[in-house]
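Here the structure is a predicted model, which means the values were calculated and not measured.
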Amino acid sequence: MKILAVGGGSGGHVTPVVAVLRELKKRDQSVEIRFWCDRKFAPQARSIMHHFDDSVPVETIFSGKLRRYNDLSLWRQLLRPVSIVLPNIRDAFLIGLGFLQSLIKLRSWRPDVVFTKGGFVCLPVGMAAKVLKIPLVIHDSDAHPGLTNRVLAKWAAKIATGAPLKFYSYPREIAKYVGIPINEEFMPFSLERRQKLKAAMGFDPKKPLVVVTGGGLGARRINDAVAKRLDALLEMTSVVLISGTSQYDELRANTPENYTRFQLHDFISGGMSELLGAADIVVTRAGATTILELAALAKPTILVPNGFLTGGHQLKNARVYAENGAVEVIDDHELNANPQLLVDMLTSLLANPKRLNEMSKKFHAFARPDAAEEMASLIMGAAK
């Protein structure tokens, strides 16, 4: 059996693929797998994929996105030719180029099924699979379906969702709520294990640890807030900041290296479950995959959803969990204007063990540990 997996743009579209591929390999060692992603995220994708299995070929496809911003009206977007209009025209050409590239590659190596996990790179590949009549299985993580998945859903043999079906308009006869596939090492950590991990990382095991991450590409506004209030944060907790590659050098130059309770990383391809598991609190964007990984860890979490993204899908993701009291949320725009908000919320939570325990239990209730198995079953069923 030949299976093509496609995803990119962020780690949240790659790490679930790894979880599914691991399950597929368990069921059939002879399965032949390839992974395609966009060119921009290719270095991180290769790192993640090769940490799982360096024999899986990782190839790139030309792709582009339609820039639409949640906080700008259509007219205001049209008045920005350099940053919005012209890049959209260029990317429309890249999508066409990616479609032709996908046709050629799929005719050369024809898989039994194409599995698209998310990201705009999936659009040209999915279109080519439709033309060549290759079964298409898609997974939509976000509580608000993105444009690519809404287009591909018309041609899909099966659709899996990361949130309950009530949040989607997909045809019920082909759609199934499975949750988000995550690796099996994401599970609640005992206090003893967390303390050992803190010590292994060079931190005081008896002091709280806060891990801050903006995802595979980083989050400038979160990074800046941490950098501006680092002294205040370190008075109450140890801090690990995963900045993303684009801002790492800038932050490295502006954050002294002699802090005994602070570590800065650009990207982590392996061991993320242990790093997050060691934390007392995690501060992160509201990407769907990260949210479900943290839910599986039963980790008290502060979400800072990106309010500038198209469709506001991170805002909607955060709302699903905040309404149940499972997470705390800080507004992205407000944090940008007042970084002290992060210090105040962390101070409040660290002083309230009862609230942390409540968040942990409510968040863990959203975990779907069988998602990778269910996703593998859908893929193999479509291939057969």
Side-chain angles (χ1 to χ4, degrees), residues 9-13 16 68-73 117-119 139-150 153 159-170 175 177-182 186 211-215 217 219 221-222 225 276 281-338 341-342 344-346 348-349 352 355-368 371:
S10 72
H13 291 148
R68 300 157 295 149
Y69 294 97
N70 193 50
D71 61 328
L72 294 177
S73 67
K117 177 56 199 75
H139 183 281
D140 194 340
S141 297
D142 293 309
H144 175 75
L147 179 59
T148 293
N149 280 333
R150 294 202 303 272
I159 301 171
T161 66
L165 292 180
K166 67 180 182 180
F167 294 103
Y168 307 87
S169 59
Y170 296 136
Y177 169 40
V178 302
I180 298 177
I182 59 174
F186 286 90
V211 174
V212 184
T213 173
L217 297 176
R221 291 182 291 279
I222 297 178
L276 296 175
I281 299 175
V282 174
V283 181
T284 183
R285 285 297 195 201
T289 299
T290 298
I291 288 175
L292 265 295
E293 288 174 343
L294 293 168
L297 287 165
K299 192 60 54 183
T301 298
I302 299 172
L303 297 178
V304 188
N306 190 332
F308 295 91
L309 291 179
T310 301
H313 68 269
Q314 286 204 5
L315 296 171
K316 295 169 184 175
N317 288 345
R319 193 176 302 124
V320 170
Y321 302 94
E323 287 175 351
N324 287 273
V327 301
E328 296 289 351
V329 177
I330 296 178
D331 183 271
D332 193 23
H333 301 77
E334 292 179 5
L335 180 65
N336 190 42
N338 181 17
L341 289 173
L342 179 59
D344 293 344
M345 183 168 286
L346 285 170
S348 174
L349 289 175
N352 190 350
R355 172 58 179 149
L356 290 177
N357 186 56
E358 176 189 42
M359 291 170 67
S360 176
K361 289 181 177 179
K362 289 184 175 181
F363 206 13
H364 190 54
F366 285 95
R368 301 275 294 192

Open item on the list: Between Phe363 and Leu297, is the side-chain contact (heavy atoms from CB on, under 4.5 Å) condition met? List the steps.
Closed with: CA-CA 9 Å; Phe363 206 13; Leu297 287 165; over 6 Å; no

TODO: Return the minimal non-hydrogen interatomic distance between Ala296 and Ala367, and the atom names on each side.
DONE: CA-CB, 3.9 Å

TODO: Could you list the residues that satisfy side-chain hydrogen bond (donor to acceptor under 3.5 Å, both in side chains) with Tyr168, not counting sequence neighbours?
DONE: none

- [ ] Taking side-chain hydrogen bond (donor to acceptor under 3.5 Å, both in side chains) as the test, write out the residues that go with Asp344, two or more places apart.
- [x] Gln340

Task: Contacts of type ring-ring contact (aromatic ring centres under 6.0 Å, His included), residue Phe167, not counting sequence neighbours - done: none

Task: Contact check, side chains of Val211 and Lys299, non-hydrogen atoms, under 4.5 Å - done: no

Open item on the list: I need the minimum non-hydrogen distance between Ala298 and His364, along with the two atoms involved.
Closed with: CB-CB, 3.7 Å

Task: CD on Glu358 to CG on Asn352, rounded to 0.5 Å - done: 8.5 Å

Task: Arg368 to Tyr177 - nearest heavy-atom pair and separation - done: NH2-O, 3.1 Å

- [ ] Go through Leu276 and Phe186 one step at a time and tell me if the side-chain contact (heavy atoms from CB on, under 4.5 Å) criterion holds.
- [x] CA-CA 9 Å; Leu276 296 175; Phe186 286 90; 4.2 Å; yes

Open item on the list: Looking at Arg285 and Asp332, is there a salt bridge between them, counting it only when a charged N and a carboxylate O are closer than 4.0 Å?
Closed with: yes

Please table the atom pairs, donor to acceptor, closer than 3.5 Å between any side-chain atom in residues 320-328 and protein atoms at least two apart or in another chain.
residue	atom	partner	partner atom	Å
Asn324	ND2	Val320	O	2.9
Glu328	OE2	Arg355	NE	3.1
Glu328	OE2	Arg355	NH2	3.0

Task: Check: Ser141 and Lys117 side chains under 4.5 Å, non-hydrogen atoms - done: yes

Task: Residues in side chain to side chain contact (heavy atoms under 4.5 Å, CB included) contact with Ala160, at least two apart in sequence or another chain - done: His139, Val178, Met375, Leu378

- [ ] Start with the C-alpha distance between Ile180 and Glu293, add both sets of side-chain angles, then the distance that settles side-chain contact (heavy atoms from CB on, under 4.5 Å), and finish with yes or no.
- [x] CA-CA 8 Å; Ile180 298 177; Glu293 288 174 343; over 6 Å; no

- [ ] Could you tell me which non-hydrogen atom of Ala286 sits nearest to which non-hydrogen atom of Asn317, and how far apart they are?
- [x] O-ND2, 3.0 Å

Task: Exercise: identify the closest heavy-atom pair between Gly146 and Asp140 - done: N-OD2, 4.2 Å

TODO: Give the minimum heavy-atom separation between Gly119 and Thr148, together with the two atoms involved.
DONE: O-CG2, 3.9 Å

- [ ] List in chain and number order the residues that pass side chain to side chain contact (heavy atoms under 4.5 Å, CB included) with Ala225, two or more places apart in sequence or in another chain; answer none if no residue qualifies.
- [x] Leu335, Pro339

TODO: May I ask you to test the Leu303-Ile330 pair for a side-chain heavy-atom distance under 4.5 Å?
DONE: no

